[in-house]
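Please read the structure below before turning to the comments.
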Protein chains: 4
Amino acid sequence: MTETAESAATDAAATPARRAVPATARGRRSRQALLDAARVVFARDGFTNARITDISDEAGVAHGSFYTYFKSKDEIFLALIEELEEDLRVSGDGERAGATDGSAYARILRANTDYLTAYHDNRGIMVVWEQAATLNEEVAELRSQASERAVARIVRSIEHMQTAGDVPAAIDARYAATALTGMVSNFAYRWCLRDEDFELDKAAEQLSRLWANALGIPTP
Amino acid sequence: MTETAESAATDAAATPARRAVPATARGRRSRQALLDAARVVFARDGFTNARITDISDEAGVAHGSFYTYFKSKDEIFLALIEELEEDLRVSGDGERAGATDGSAYARILRANTDYLTAYHDNRGIMVVWEQAATLNEEVAELRSQASERAVARIVRSIEHMQTAGDVPAAIDARYAATALTGMVSNFAYRWCLRDEDFELDKAAEQLSRLWANALGIPTP
Amino acid sequence: MTETAESAATDAAATPARRAVPATARGRRSRQALLDAARVVFARDGFTNARITDISDEAGVAHGSFYTYFKSKDEIFLALIEELEEDLRVSGDGERAGATDGSAYARILRANTDYLTAYHDNRGIMVVWEQAATLNEEVAELRSQASERAVARIVRSIEHMQTAGDVPAAIDARYAATALTGMVSNFAYRWCLRDEDFELDKAAEQLSRLWANALGIPTP
Amino acid sequence: MTETAESAATDAAATPARRAVPATARGRRSRQALLDAARVVFARDGFTNARITDISDEAGVAHGSFYTYFKSKDEIFLALIEELEEDLRVSGDGERAGATDGSAYARILRANTDYLTAYHDNRGIMVVWEQAATLNEEVAELRSQASERAVARIVRSIEHMQTAGDVPAAIDARYAATALTGMVSNFAYRWCLRDEDFELDKAAEQLSRLWANALGIPTP
DNA sequence: AATGAATGAGCATTCATTCAT
DNA sequence: TATGAATGAATGCTCATTCAT
């Protein structure tokens with residue numbers, strides 16, 4: 001996670017050596033059962049407390065079968081995140097199709113709404129993802145890459161607006177993009193972590209307003 | 001804490017049988033040696049990988065002596081961050097003495113500079129603190145409380161400025177305070193986590209500029 | 001990012017399904033090997049001194065395998081005495097089949113002979129059982145229940161004889177049953193504890209004579 | 001405990017090498033404070049769970065001071081038992097002064113009443129004594145010796161009555177003495193262990209009746 | 001492929017006993 | 001003597017990973 005407003009993608013990342021997709025339908029079913037179970041168990045117990053036994057049990061497969069498909073807890077978690085990123089991207093794509101429509105503020109608002117919605121819909125694993133990123137180098141790397149892609153996109157957008165004179169030159173695009181994406185993802189995290197009583201629509205509106213103001217973009 | 005500079009210790013928690021302050025000077029030295037060692041080991045190995053053995057070794061005391069002063073890894077970590085919070089508060093207080101001097105922007109800049117400085121000076125444990133907060137309920141609670149204190153302070157400040165007509169009424173003080181403190185602490189975290197090449201002064205200036213703009217406060 | 005809650009909570013979790021009866025023959029063999037080893041080790045070293053390591057070693061399984069079948073020393077001991085009780089009951093039942101044969105004295109003699117024989121045959125664990133009962137609530141409970149079953153049976157028998165006028169009414173059946181079973185079990189314990197030189201047949205005869213006399217039942 | 005009807009003594013036993021009685025009054029006070037504390041702690045926590053720390057704390061002396069007076073948990077327990085046996089003997093002596101008064105039954109009743117009273121008055125440690133005897137060779141030895149002294153006394157008494165023709169020759173004095181003292185001590189143990197609702201007077205009366213009947217001695 | 005048993009490294013923790021002041 | 005800190009041997013227990021059917 002950690003993506004942030006106006007982003008969510010991933011995939012591009014070189015996939016580390018993983019076990020091949022199972023040849024048989026039965027194998028594919030088992031693998032998927034494990035992934036589904038992992039999502040449940042990680043969300044429920046957190047990364048550290050989740051045990052491979054629990055995931056196997058939840059999936060209804062034998063303990064030892066886990067290793068037919070994944071070689072460690074870290075690996076299944078990475079697979080899970082990849083699956084998750086696909087979901088996030090798909091749900092984001094629909095809306096982002098018309099990402100160039102409307103005013104700058106409208107685009108920001110749309111992106112933030114999408115992001116908060118996706119984060120909240122998947123809050124169970126999103127929160128665990130944050131945890132896992134502090135524990136596993138590869139997870140941190142994935143998270144970092146996603147972040148950087150989001151930042152890069154926003155850097156380009158800010159620079160474009162600066163060229164057009166819509167954003168002050170005193171603002172450093174990279175610092176700003178890093179800070180603003182961090183603002184949104186951190187807000188989403190805190191919101192979901194303890195279920196603070198923020199409302200999605202209002203949060204999206206307020207964050208977008210702060211974001212636009214920060215860059216000198218007109219708001220309603 | 002961690003949110004931002006300042007903060008107030010916690011301690012509320014009643015320390016169990018474990019004597020908070022050893023009776024003899026020798027005991028006080030041992031306890032402090034363990035705390036100092038913990039700081040080193042946690043910063044070096046992270047919360048999860050740090051072993052009580054390592055801390056004892058680093059402190060130069062017998063393995064079992066650890067338990068004379070602390071009853072678990074979690075407990076020494078909590079003691080460590082209480083100590084840390086005191087340090088942070090002290091170093092923050094000094095500078096914030098004249099917190100009402102100068103323009104609103106100047107005050108924001110000063111606070112952010114203080115915060116980034118303190119965070120960076122203690123980056124080893126600050127990063128581990130973030131990790132530990134994902135693993136231990138009490139640590140998370142401490143961190144959360146510090147956050148809330150910072151947010152509360154800024155909420156008051158924003159409301160005050162709104163009353164004075166310096167910040168638009170369209171902004172919700174609580175959402176804004178949460179988002180902006182999150183922006184800064186998240187920036188600090190990312191900066192220190194991987195030692196990205198941000199410069200402190202520039203970062204403080206840019207974050208303050210975004211912060212001020214977001215609230216409609218004039219910037220240089 | 002980084003907040004989070006979740007975390008620490010844990011443990012609550014559960015007992016990794018300790019299966020009473022392993023699914024495979026191999027598992028059943030291992031479990032039984034551990035029980036057999038426990039019998040040897042407990043008898044040799046006593047409850048307190050017996051280490052799980054010793055039991056595993058004696059059983060020829062890996063240290064960790066112990067925990068596949070039992071979760072503590074207490075638990076395997078309980079399983080062991082349940083097994084033991086079955087044995088005792090079976091061996092007792094055989095002889096007690098004709099428990100109504102012969103004179104009252106003859107029946108008493110037979111029961112005491114059976115009891116002393118079984119106790120002596122299993123003296124190793126019987127003595128440890130007494131020890132364990134002073135250390136573990138559940139063991140004490142099991143032991144107590146077995147006692148009570150025996151007492152209850154004898155209470156009925158005494159009351160029956162009182163109705164028939166064969167035992168004086170001045171005797172309280174419950175006090176008497178408690179005292180007399182205690183007399184026999186205590187005798188057996190002392191006998192086996194230090195291998196005092198009592199002879200089984202003579203002991204059974206003397207105890208039965210005292211028992212019968214105590215109740216006013218004629219003896220040869 | 002373990003004494004039994006008509007007995008309670010001890011003392012005679014050769015005292016194993018113990019630390020000398022403290023020279024100073026202060027030392028004597030500390031030693032006694034530890035013994036008193038030990039009685040409380042052992043009764044409360046049992047032999048196994050009692051920690052030297054707890055005894056020191058309860059006594060109000062420093063942890064390390066324990067070793068000035070006793071060299072181990074076993075040793076202080078033995079000292080405690082010796083003290084206890086003195087108490088028991090003293091309280092028994094008063095009544096036993098006229099031990100030859102009255103009928104044989106009256107003497108038996110008086111002895112059993114004394115025994116049950118003393119046992120119940122000290123039930124806390126008596127029960128722990130039984131436990132400790134299963135754990136420590138020396139404690140077991142003390143217990144055994146006391147038992148044997150009681151048994152020996154009763155053997156003489158029975159033989160005397162047999163000579164006088166008051167007890168049948170078919171009874172073996174040693175077996176009988178062992179069995180009957182065991183009956184009483186075991187009854188006392190069970191009574192105190194779980195606080196079963198036996199009444200002292202009735203218990204003494206019933207046990208004495210069984211005892212007398214068993215030996216062919218006339219009862220009221 | 002599936003199963004479930006086997007393995008053992010890895011760490012925490014307790015507490016009796018010794019020591020320095 | 002009194003204190004309270006220091007020591008470290010002794011074990012229990014978990015769980016990821018490997019193996020034999």
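Fair warning: this is a prediction, and the values are worked out from it, not measured in the lab. Sequence lines set the chain letters: A, B, ... in the order given, protein chains first and strands last, and positions in each chain run from 1.
Side-chain atoms of C/Asn136 come within 3.5 Å of backbone atoms of C/Val139 as a donor-acceptor pair (strictly under, hydrogens ignored). Side-chain N or O atoms of A/Asn49 include one that pairs as donor or acceptor with a backbone N or O of A/Asp45 at under 3.5 Å. Formation of a donor-acceptor pair under 3.5 Å by the C/Ser65 side chain with backbone atoms of C/Val61 is not found in this model. At least one donor-acceptor pair under 3.5 Å links the side chain of A/Lys73 to the backbone N or O of A/Thr48. Counting only distance, with no hydrogens or angles, the side chain of B/Arg28 and the backbone of B/Ala23 share a donor-acceptor pair below 3.5 Å.
Protein atom CD of C/Glu75 is 15 Å distant from nucleotide atom P of F/dG12, rounded to whole Å. Atom-to-atom, CG of B/Asp74 to P of E/dA12 comes out at 11 Å; the value is rounded to the nearest Å. Across the protein-nucleic acid pair, C/Ile55 atom CD1 and F/dC13 atom P stand 11 Å apart, rounded to whole Å. Taking atom CG on D/Asp57 and atom C1' on F/dG4, their separation rounds to 11 Å, with Å as the unit. Whole-Å rounding puts the D/Leu34 CG to F/dT1 C1' distance at 13 Å.
A/Tyr69 has a side-chain polar atom (N or O) that falls below the 4.0 Å cut-off from OP1 or OP2 of E/dA2. Dashed line: the shortest gap from a side-chain N or O of A/Ser30 to OP1 or OP2 of E/dA1 is not under 4.0 Å.
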Using the side-chain contact (heavy atoms from CB on, under 4.5 Å) rule, take D/Leu84 and D/Trp129 through it: C-alpha gap first, then chi angles, then the decisive distance, then the call.
CA-CA 10 Å; D/Leu84 176 66; D/Trp129 191 355; 3.9 Å; yes
Note, DNA chain E 5' to 3' with Watson-Crick or G-U pairs under 3.5 Å encoded as ( ), [ ], | and . gives .||||||||||||||||||||
For nucleotides 15-21 of chain E, 5' to 3', base contacts (B), sugar-phosphate-only contacts (S) and non-contacts (-) with protein non-hydrogen atoms under 4.0 Å give SSBB---
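Ring geometry for D/Phe42 against D/Phe47 counts as parallel: the plane angle stays under 30°, on a 0 to 90° scale with 60° as the upper cut.
Contact check on A/Asp54 versus A/Arg51 returns a salt bridge, with a Lys/Arg side-chain nitrogen under 4.0 Å from an Asp/Glu carboxylate oxygen.
Comparing atom distances between the B/Thr24 side chain and each of F/dT7, F/dA5, E/dG4 picks out F/dA5 as nearest.
For the residue pair C/Gln131/D/Glu130, the side-chain donor-acceptor check at 3.5 Å is not satisfied.
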